[in-house]
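Read the structure below first, then the notes.
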Amino acid sequence: MDVTPILDGLNKAQREAVSSPDAALLVLAGAGSGKTRVLVHRIAWLISVEQLSPHCIIAVTFTNKAAQEMRGRVENLLGHSASAMWIGTFHGLAHRLLRAHARDANLPDTFQILDSDDQLRVIKRVMKEMNLDDTEWPPKQAQWFINKQKDEGKRPKDIKHQGDLFTSVHCKVYFQYEEACKIGGLVDFGELLLRTYELLRDNQHLRDHYQQRFQHLLVDEFQDTNGIQYAWLKLISNKDCGVTIVGDDDQSIYGWRGAKIENIQRFDRDYADVKTIRLEQNYRSTGTILKAANAVIANNQERMGKNLWTEDDEGEPISLYAAFNEQEEARFISSRINEWHEDGNAFADCAILYRSNAQSRVLEEYLLQRQIPYRIYGGLKFFERAEVKDTLAYLRLMYNHQDDAAFERVVNTPPRGLGQKSVEKIRETARAEQTNLWQAAWKVVEDKQLSPKANGALLMFLELIKQGYQEFHELPLEEQIQLTIEASNLMEMYAKEKGEKALARKENLAELASAAREFDVDDYPELSPMTAFLAHASLEAGDTQAEQYEDCVQLMTLHSAKGLEFPLVFIAGMEEKLFPHMMSMDEPDKLEEERRLAYVGITRAMKKLYLLYAEKRRLWGKDTYPAVSRFIREIPAQLKEEVRLNSQIATPTFSSGATQDVVNDGIEFKLGQMVNHPKWGSGVILNFEGEGDRTVVHVSFDCGESKRLMLAYARLEAL
DNA sequence: GTTATCCGGATTTTT
DNA sequence: TCCGGATAAC
């Protein structure tokens with residue numbers, strides 16, 4: 001067997017990982033160390049050298065994107081299709097299992113998936129029925145509670161509580177919510193995992209079947225697994241199953257969402273003879289950037305230990321820029337991006353990262369002003385848009401009449417005269433008859449429980465759904481969607497809306513039809529094409545923006561930047577209370593997670609990194625004067641370089657500042673002036689505030705500190 | 001059923 | 001400050 005193509009071009013540690021004979025392998029893969037490459041080549045190795053059938057391999061990722069990329073690269077390497085292999089997200093694979101064994105899992109064949117938005121609506125309804133005051137008991141909190149329990153594998157009956165109100169009330173909500181899901185044939189994200197887990201746990205026949213089938217399990221981003229995912233993996237991989245897990249404890253940034261880094265150590269305990277391999281050679285960043293990242297993360301106590309290195313040059317120092325305020329921060333970034341582009345570089349090679357989404361607004365303003373094209377990640381995904389969800393809700397209801405969530409969503413969308421009172425009547429009937437809204441609605445119509453007008457409208461609606469299915473369900477997906485949009489009058493409703501919104505909505509509906517045309521049905525041969533499409537829409541919410549091919553600057557939170565890389569990176573808002581965030585500063589665990597986030601941010605940069613902070617930032621309508629982030633201080637001085645305002649003097653904002661000269665004790669101070677302070681040493685003047693005796697001067701000192709000082713007392717020397 | 005107004009809340013997010 | 005959601009008034 002010629003293994004050259006599989007091992008060629010890999011370094012020693014990578015080769016060792018790819019060709020490891022060990023049954024339990026833990027690969028600690030640092031940022032930019034070729035993690036995906038190792039996974040892909042390991043799969044190829046298992047198939048071509050160890051002669052495992054692709055049929056026996058299961059590979060799990062967290063995002064659809066990662067799953068797609070992995071499949072694509074495996075096929076590329078092997079030179080043939082890998083369709084027999086199970087590659088997917090935890091949720092995608094769980095869904096697949098549940099579809100194949102819906103009866104055994106006690107689900108209707110037509111079960112539909114709730115996304116978190118749908119889930120919240122159902123919870124709200126349930127809580128209303130329970131007469132819980134939603135100010136005292138916020139539905140969001142109940143949703144969080146339920147999901148947390150499911151992530152830990154707990155049903156209402158498994159939750160222990162000693163009469164504390166919070167837990168006992170939420171348990172009841174959880175219980176009622178489960179009932180509602182059962183009646184509606186609905187499954188939320190957490191349920192996909194929990195239900196699959198219980199299915200395999202309680203059904204020995206199925207468990208044996210899958211344990212026999214899967215001979216090797218691979219897991220990507222293992223540090224992000226939560227309790228139920230870990231339990232799930234253990235069930236699938238029996239003693240004879242090879243397991244390869246890949247992860248980086250230093251890049252665990254989803255603890256707040258239930259991810260447990262401890263699962264890595266737990267793996268070490270639970271599996272026999274775990275072989276650990278560290279990938280520490282980095283192929284992405286310059287030496288300077290890596291040293292900075294290493295220095296920052298070294299401040300964390302809870303680490304498995306790892307030190308990235310590179311054969312690459314030291315590269316440029318990391319530039320620090322002390323902006324006057326958030327506007328000036330944005331101004332600086334956009335002007336640097338402009339220069340970058342004028343030097344012949346692509347906008348798309350450049351990213352602006354920030355801790356929280358609110359920071360993107362000012363940045364956008366300035367990019368817009370300079371006519372720099374940009375793309376913001378985050379926000380509503382395609383399949384989450386209201387118009388798209390409305391259309392899909394019609395289809396869901398057509399294919400699964402018991403889907404109460406869909407029923408609620410469209411029973412009066414577009415408005416057809418079925419207000420709160422009419423809907424409440426239907427709910428009441430449903431409760432009394434222990435049935436779904438669809439059945440109840442028919443009964444309400446038959447018994448003429450509503451006013452003649454509402455009764456007529458409801459009947460029209462019910463007929464529309466019933467006939468819609470009969471007339472459309474054999475047509476191609478695209479036509480079904482097109483006809484549904486028309487027949488439901490949704491298009492008409494949106495057309496009435498004014499402004500750009502209406503236009504965008506129309507475009508999205510057209511886009512929905514075309515997404516259906518391009519949808520590949522093959523994944524679920526046993527499902528009707530529409531059911532498969534609807535599941536796809538819930539599991540893979542799609543991209544945020546359509547035009548991703550244009551050359552534009554990438555704006556995103558540090559969280560969403562994980563896994564990406566850019567030649568030029570700006571991290572904005574490097575300030576205490578913003579990053580590390582105020583809410584994560586008090587507890588050591590949370591602070592360490594913030595630091596890992598900083599580590600992730602720094603290691604995104606390939607060639608050049610800018611760290612920015614503002615002297616003054618307007619937060620929630622109030623001016624704040626934040627301190628420089630500790631993460632900047634944790635980077636050794638020799639790797640950093642303060643960007644001087646002197647070099648910026650030609651920019652409009654500051655040329656006007658020349659009028660702001662201030663005289664104190666006969667010494668003349670200017671913006672951008674180099675000064676010396678007895679305690680802080682040399683620095684540069686950023687701004688003046690106030691007048692006369694009360695003049696406050698902002699100075700950014702070379703030691704990294706920046707201070708606001710009363711000029712009269714500051715004993716500053718002009719240099 | 002639509003529009004106006006008030007109030008509260010305000011990290012991070014994938015499936 | 002600014003956004004969205006919920007309520008009240010038309």
Side-chain angles (χ1 to χ4, degrees), chain A residues 60-67 88-95 113-120 124 128 133-135 138-141 143-144 147 150-151 187-194 196 220-221 224-226 228-229 252-259 326 353-362 377-381 383-384 412-422 454 457 493 496-497 535-544 556-563 573 577-585 590 593-594 596-598 600-601 617-624:
Chain A
V60 195
T61 64
F62 274 84
T63 65
N64 291 297
K65 203 172 138 206
T89 61
F90 277 100
H91 295 87
L93 296 172
H95 175 240
I113 301 166
L114 292 179
D115 67 19
S116 30
D117 185 55
D118 302 329
Q119 184 191 33
L120 186 61
K124 273 187 186 160
K128 207 163 209 169
D133 175 27
D134 58 4
T135 39
K140 275 250 171 72
Q141 198 175 271
Q143 181 182 30
W144 176 83
N147 289 336
K150 290 194 178 187
D151 283 350
V187 170
D188 63 46
F189 290 137
E191 188 72 25
L192 283 171
L193 300 174
L194 182 50
T196 316
D220 191 15
E221 305 277 19
D224 289 340
T225 51
N226 63 29
I228 189 71
Q229 285 160 342
S252 162
I253 54 175
Y254 287 110
W256 51 275
R257 211 167 64 184
E326 67 271 27
L353 312 181
Y354 35 81
R355 175 66 236 263
S356 64
N357 287 308
Q359 290 172 254
S360 70
R361 266 181 60 156
V362 188
Y377 286 72
L380 273 194
K381 301 282 180 68
F383 285 112
E384 289 167 355
N412 199 33
T413 316
R416 51 173 65 87
L418 292 167
Q420 278 305 307
K421 279 214 329 250
S422 310
M493 177 178 96
K496 274 191 211 142
E497 279 185 30
H536 164 82
S538 314
L539 283 174
E540 192 168 346
D543 260 313
T544 332
M556 65 190 90
T557 61
L558 288 151
H559 280 91
S560 32
K562 195 172 82 159
K577 295 190 178 169
L578 196 60
F579 187 34
H581 196 275
M582 199 158 41
M583 317 209 74
S584 308
M585 287 175 55
K590 288 188 173 176
E593 183 153 309
E594 293 284 308
R596 292 193 290 269
L597 195 54
V600 167
R617 184 176 295 271
R618 222 171 156 69
L619 275 180
W620 303 336
K622 283 200 185 85
D623 281 341
T624 58

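We name chains A, B, ... by the order of the sequence lines, and we start the count at 1 in each one.
Between A:N357 and B:dA10 there is no side-chain polar atom (N or O) within less than 4.0 angstrom of OP1 or OP2. Side-chain N/O atoms of A:S538 include none lying less than 4.0 angstrom from OP1 or OP2 on B:dT15. Taking side-chain N and O atoms only, A:N147 has no distance below 4.0 Å to OP1 or OP2 of B:dT15. Regarding contacts with the backbone of B:dT12, every side-chain N or O of A:K562 stays at 4.0 angstrom or more from both OP1 and OP2.
Nucleotide B:dT11 is shown with a syn base, its glycosidic torsion being within 90° of 0.
Using C1' as the reference atom, C:dC2 and B:dT13 are 22 Å apart when rounded to the nearest Å. Taking atom P in both C:dG5 and B:dT12, one finds a spacing of 16 Å when rounded to whole Å.
Residues A:L558 and A:V600 form no side-chain contact, since every pair of their non-hydrogen atoms from C-beta on lies 4.5 Å or further apart.
Between the side chain of A:D134 and the backbone N or O of A:P138 there is no donor-acceptor pair closer than 3.5 Å.
The A:L539 side chain lies nearest to B:dT15 when the options are B:dT13, B:dT11, B:dT15. The side chain of A:T89 has B:dT15 as its nearest neighbour among B:dT12, B:dT15, B:dT11. Here the side chain of A:P415 is nearest to one of B:dT11, B:dT2, B:dT13, namely B:dT2. Closest approach to the A:K381 side chain among C:dT1, B:dT12, B:dT15 is made by B:dT15 (side chain taken as heavy atoms from C-beta onward). With distances taken from any side-chain atom of A:S356 to the nucleotides B:dT14, B:dT11, B:dT2, the minimum falls on B:dT11. When distances run from any side-chain atom of A:R257 to the nucleotides B:dT14, B:dT2, C:dT1, the shortest one goes to B:dT14.
If you check every strand for non-hydrogen atoms under 4.0 Å, A:G190 touches nothing. Here A:Q359 lies out of heavy-atom contact (under 4.0 Å) with every strand. Among the heavy atoms of the strands lying under 4.0 Å from A:N412 are primed sugar atoms or P, OP1, OP2 only; no base atom is included.
Rounded to an integer number of Å, the gap from A:R617 CZ to C:dT1 P is 17 Å. Computed from coordinates, the A:L120 CG to B:dT13 P distance equals 18 Å when rounded to whole Å. Counting to the nearest Å, the P atom of B:dT15 and the CZ atom of A:F62 are 11 Å from each other. As a whole-Å value, the separation of A:M583 CE from B:dA10 P is 8 Å. In this entry the distance linking CG of A:L114 with P of B:dT15 reads 17 Å, nearest Å. Counting to the nearest Å, the P atom of B:dT15 and the CD1 atom of A:I113 are 13 Å from each other. A:L193 has its CG atom 16 Å from the P atom of B:dT14, to the nearest Å. Taking atom CG of residue A:D115 and atom P of nucleotide B:dT15, one finds them 12 Å apart after rounding to whole Å.
Ring geometry, A:H536 versus A:F383: the interplanar angle exceeds 60°, so the pair is classed perpendicular (tilted spans 30 to 60°).
There is a side-chain donor-acceptor pair under 3.5 Å between A:N147 and A:Q119.
Between atom OG1 of residue A:T61 and atom CG of residue A:D220 there is a gap of 6.5 Å, rounded to the nearest 0.5 Å.
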Should A:K150 and A:D188 be marked as a salt bridge (Lys or Arg N to Asp or Glu O under 4.0 Å) after you check the CA-CA gap, both sets of side-chain angles, and the distance that decides it? CA-CA 10 Å; A:K150 290 194 178 187; A:D188 63 46; 2.8 Å; yes

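Toward the 5′ end of DNA chain B lies the nearest nucleotide of A:R416, the other residue of the pair A:R416 and A:L192 mapping further downstream.
Both stacking criteria are satisfied for A:W256 over the base of B:dT12: a centre-to-centre distance under 5.5 angstrom and an angle between ring planes under 30 degrees. Judged by centroid separation below 5.5 Å and plane tilt below 30°, A:H91 does not stack onto the base of B:dT15.
Closest approach of A:L578 to A:G573, counting heavy atoms only: CD2-O, 3.7 Å. Taking every heavy atom of both residues into account, A:T89 and A:V60 meet most closely at C-CG1, 4.1 Å. Shortest non-hydrogen contact noted between A:T196 and A:A94 is OG1-CB, 3.3 Å.
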Its dot-bracket string being built from Watson-Crick and G-U pairs below 3.5 Å, with | for another strand and [ ] for crossing, DNA chain B has the pattern ||||||||||.....

Identify all pairs in which a protein N or O lies below 3.5 Å from an N or O of nucleotides 2-10 of chain C, and state each distance.
residue: C:dC3; atom: OP1; partner: A:R361; partner atom: NH1; Å: 2.4

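Looking at A:S116, its side chain comes within 3.5 Å of the base of B:dT15 through a donor and an acceptor atom.
No option in A:Y354, A:W256, A:F579 other than A:W256 meets the ring-ring contact (aromatic ring centres under 6.0 Å, His included) test with A:H559.
Under 4.0 Å is where a charged nitrogen must lie from a carboxylate oxygen, and between A:E540 and A:K381 no such pair does. Taking 4.0 Å as the cut-off between side-chain N and carboxylate O, A:R596 and A:E593 count as a salt-bridged pair.
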